[in-house]
> 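Before we start, here is the structure in question, set down as structure tokens.
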Amino acid sequence: MPQSRTQLLNPGNSPLIIATAVAGILNLFPDTAPIGVAGSIFVLSWQNEQVGKFKKRVETRLNEIENHLNLNSVNSPEFIELLIQAIEAAARTVSEQKHQALANALVASMVEPTSKFSGKSTIIRIINQISEEEIIVLKTLFDIEDDRTKDNNTDRIVLKEIKEKLQWTEEEDVLVVCQSLLQLGLSKDITSSTSRAISFLSRQ
């Protein structure tokens with residue numbers, strides 16, 4: 001009996017099917033950036049360059065997880081919307097951190113179980129809004145929390161700990177970024193105690 005369309009699109013099938021799907025995803029990227037400034041060849045060229053860099057990061061991530069692709073999600077209208085949103089965000093920034101974060105978010109929408117999570121569009125929008133420094137600090141916080149979870153350590157994270165892990169010179173710089181994350185709803189609380197302790201939301 002011939003396989004149904006649903007069976008063919010399930011992860012774990014023929015490597016040829018997966019490779020074809022990956023190639024199809026990459027072919028969805030436009031030849032030119034979707035956003036340009038009329039009459040500015042330089043800006044359009046710059047945006048094309050950023051989209052090209054972003055595409056390479058997506059390709060790298062796809063090659064790392066291709067056997068886990070949820071191809072039903074890839075074929076959905078929701079994924080096309082996410083792709084357009086991510087490309088537009090990538091075209092606006094030269095930040096490698098933001099390109100990587102956008103690539104991670106986009107690829108996460110194609111694999112199990114994260115492809116079934118809600119809020120995928122919100123994540124891409126947040127990455128587009130926050131700065132490179134905020135991404136770096138947020139990633140550092142997640143790393144610290146992961147380490148503490150493994151060690152069953154429930155102590156709150158302090159600015160000095162973040163500063164040392166980032167190797168930043170000024171603790172005040174960390175505080176400014178953390179306060180910005182608080183305003184965006186990405187941190188839970190910042191206190192002004194002598195230890196200047198910070199309590200953050202766990203990774204969602």
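One is the number of the first residue; the rest follow in order along the sequence. All heavy atoms count here, side chains included; hydrogens, waters and symmetry mates do not. Note that the structure is a prediction, hence the values are computed from the model and not measured.
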> Is a side-chain N or O of S76 found less than 3.5 angstrom from the main chain of S73, in a donor-acceptor match?
yes

> CD/Q97 to CD1/I135 distance, rounded to the nearest 0.5 angstrom?
6.5 Å

> Tell me the closest heavy-atom pair linking A103 and F54, and the distance in Å.
N-CE1, 3.4 Å

> Any non-hydrogen side-chain atom of V74 less than 4.5 Å from a side-chain atom of I25?
yes

> Examine L102 and W46 and state if one hydrophobic cluster contains both, with Ile, Leu, Val, Met, Phe, Trp and Tyr joined whenever side-chain heavy atoms are less than 4.5 Å apart.
no

> Please report the interatomic distance CG(L82) to CD1(I87), rounded to the nearest 0.5 Å.
11.0 Å

> CD1/I84 to CD/E88 distance, rounded to the nearest 0.5 angstrom?
7.0 Å

> With a 4.5 Å limit on heavy-atom distance, are the side chains of Q50 and T93 in contact?
no

> Which residue pairs pass the salt bridge (Lys or Arg N to Asp or Glu O under 4.0 Å) test when at least one of the two sits in residues 127-136, sequence neighbours left out?
none

> Backbone N or O of E170 within a donor-acceptor pair of the K163 side chain at under 3.5 Å?
no

> Nearest 0.5 Å please: distance from the CG atom of D147 over to the NZ atom of K165.
5.5 Å

> Does K53 pair with E49 as a salt bridge, N-O distance under 4.0 Å?
yes

> Between CG of D146 and CG of D151, what distance do you get to the nearest 0.5 Å?
11.0 Å

> Hey, what do you get for CD (E164) to OG1 (T140), rounding to the nearest 0.5 Å?
12.5 Å

> State yes or no: do V43 and V94 share one hydrophobic cluster built from I, L, V, M, F, W and Y residues joined by side-chain heavy-atom distances below 4.5 Å, directly or via other members?
no

> Ion pair present between E96 and R57, side-chain N to carboxylate O less than 4.0 angstrom?
yes

> Is there side-chain contact between V107 and E64, with heavy atoms separated by less than 4.5 Å?
no

> For the residue pair F79 and S109, what are the closest heavy atoms and their distance?
CD1-OG, 3.8 Å

> I'd like to know if L184 and V176 are part of one continuous hydrophobic network [Ile/Leu/Val/Met/Phe/Trp/Tyr, side-chain heavy atoms within less than 4.5 Å].
no

> Would you call K56-E59 a salt bridge at under 4.0 Å N-O?
no

> Are the side chains of I162 and W168 in touch, meaning some heavy atoms are under 4.5 Å apart?
no

> Is any side-chain heavy atom of D173 closer than 4.5 Å to a side-chain heavy atom of L166?
no

> Run the side chain to side chain contact (heavy atoms under 4.5 Å, CB included) test against I123 and tell me which residues pass, sequence neighbours left out.
A105, I127

